[in-house]
Amino acid sequence: MKEVQYYKNIYSKFWVNQTKVYGYGIYEQNLVKLISRSSPKRVFEVGIGTGWPIGAELKKKGIVVDGCDVAGRLVALAQKELENEKGIFVGDVKKYQGDTLYDVTYCVRASWYFPDFYATVKKMAAMTKPGGYIIFDIMDRNSLYCLKSRLRDIKERCCKFLGIDIDERYGTHFLSVAKMKKFLTKNGMIYKYWREREINRGINKIDMPKVVFMCKKLN
């Protein structure tokens, strides 16, 4: 319940203000290329946010973009951005009960807000056509950025204990790349993956902790 309230209140306000700041950089451009690589006609985005820039760029390619987000304010903006009121809804994707099977389901720049992202990936696979693709990115548990985040958590807990006033920060859920690979294999998916620094062509190993997975559903 606390997590849902976070999304509905703090996170929705933050994302509306930050989405244009993050912009449409090399990372996002390559995600769009990856999602549209198989020439899908209809896709589903988990954690669709405002619908920009990923959904908006896919729409320009003639792709129908459905999706969901738990923040109603963001969903309203996404429905307007993507001109799709029926296919974009407020709620958790795990509660989706529609009959549509998608060419691609994806969750990008959002998985680290999910306490059980493995269950989300399972649901995404169930919503995908045989031969279709499931695409997502995660924060690597073994990255230097994860270590920096853990040290920051310790610092914040110490500040609270000492009565020092600090802004509350929502925790990031890091995942093991090795465990994710085993999970995907166990659930009958073949996959490729790329590290963020490979996509961004950057050398900053600390601030590029993301790993992008592209999985094919066999049956």
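Model, not experiment: these values are computed from the prediction.
- One hydrophobic cluster holds both Met189 and Val177 under the rule that ILVMFWY side chains link at heavy-atom gaps under 4.5 Å.
- A tilted orientation is assigned to the rings of Tyr102 and Tyr96, their planes being inclined by 30° to 60°.
- Rounding to the nearest 0.5 angstrom, the gap separating the CD1 atom in Ile54 from the CD atom in Glu45 is 7.0 Å.
- Remark: Asp103 engages Lys129 in a salt bridge, criterion side-chain N to carboxylate O under 4.0 Å.
- Val65 and Gly55 get closest at one heavy-atom pair: CG2-O, 3.8 Å.
- A distance of 5.5 Å separates CD1 of Ile135 from CD1 of Ile35, quoted to the nearest 0.5 Å.
- Under a hydrophobic clustering in which Ile, Leu, Val, Met, Phe, Trp and Tyr are joined whenever their side-chain heavy atoms come within less than 4.5 Å, directly or via other members, Phe174 and Trp112 fall into the same cluster.
- Ser36 places no side-chain N or O within donor-acceptor distance of the main-chain N or O of Ser39, the cut-off being under 3.5 Å.
- Side-chain contact check for Val93 versus Thr120: some heavy-atom pair is nearer than 4.5 Å.
- Nearest heavy-atom pair across Trp52 and Tyr24 is CH2-N, 4.2 Å.
- In this structure, SG on Cys146 lies 10.0 Å from CG on Leu175, to the nearest 0.5 angstrom.
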Check the pair Leu58, Tyr106 against side chain to side chain contact (heavy atoms under 4.5 Å, CB included), reporting the backbone distance first and the verdict last. CA-CA 12 Å; Leu58 293 172; Tyr106 65 96; 3.3 Å; yes
The test is salt bridge (Lys or Arg N to Asp or Glu O under 4.0 Å); show your working for Arg109 and Asp137 and say whether it passes. CA-CA 7 Å; Arg109 306 192 307 179; Asp137 53 4; over 6 Å; no
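- Counting all heavy atoms, side chain and backbone alike, Val211 lies closest to Asp140 at CG2-CB, 4.0 Å.
- Looking at every heavy atom in both residues, Gly49 comes nearest to Ala78 through O-CB, 3.4 Å.
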When you look at Val70 and Val90, which way does the side chain to side chain contact (heavy atoms under 4.5 Å, CB included) test go after all the steps? CA-CA 5 Å; Val70 296; Val90 179; 5.6 Å; no
Decide side chain to side chain contact (heavy atoms under 4.5 Å, CB included) for Trp194 and Asn30; before the verdict, give the C-alpha distance in whole Å, the side-chain angles of both, and the deciding distance to 0.1 Å. CA-CA 11 Å; Trp194 301 265; Asn30 279 287; over 6 Å; no
Does the pair Lys123 and Asp92 meet the rule for a salt bridge (Lys or Arg N to Asp or Glu O under 4.0 Å), with working shown? CA-CA 10 Å; Lys123 182 63 177 181; Asp92 187 328; over 6 Å; no
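- The distance from the CD atom of Glu196 to the CD1 atom of Ile26 is 11.0 Å, given to the nearest 0.5 Å.
- When hydrophobic clusters are built by joining Ile, Leu, Val, Met, Phe, Trp and Tyr residues whose side-chain heavy atoms come closer than 4.5 Å, directly or via intermediates, Val121 is not grouped with Ile190.
- A salt bridge links Lys60 and Glu57; the closest N-O separation between the charged side-chain nitrogens and carboxylate oxygens is under 4.0 Å.
- When side chains are defined from C-beta on, Ile138 does not count as touching Lys210, because their heavy atoms never get closer than 4.5 Å.
- The 12-atom threshold is exceeded at CD of Gln29, counting heavy atoms of other residues, nucleotides or ligands nearer than 6.0 Å.
- For Lys94, the NZ atom is densely surrounded, since the number of other residues' heavy atoms within 6.0 Å is greater than 12.
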Would you please test Phe114 and His173 for side chain to side chain contact (heavy atoms under 4.5 Å, CB included) and show each step? CA-CA 7 Å; Phe114 293 68; His173 299 282; 5.7 Å; no
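- Here the closest heavy-atom approach between residue Ser111 and residue Cys107 is recorded as N-SG, 4.1 Å.
- Of all the heavy atoms in Met139 and Pro209, the pair that sits closest is SD-CG, 3.3 Å.
- Just one of Thr100, Val104, Ile63 meets the side-chain contact (heavy atoms from CB on, under 4.5 Å) condition when paired with Arg42; it is Thr100.
- Note: Tyr193 and Tyr191 have tilted aromatic rings, judged against thresholds of 30 and 60 degrees for the angle between ring planes.
- Interatomic distance, CG of Leu31 versus CZ of Phe136, reported as 12.5 Å (0.5 Å rounding).
- Between Lys59 and Glu83 there is a salt bridge, with a side-chain nitrogen of the basic residue lying less than 4.0 Å from a carboxylate oxygen of the acidic one.
- Taking CZ from Phe117 and CZ from Phe183, the interatomic distance works out to 9.0 Å, rounded to the nearest 0.5 Å.
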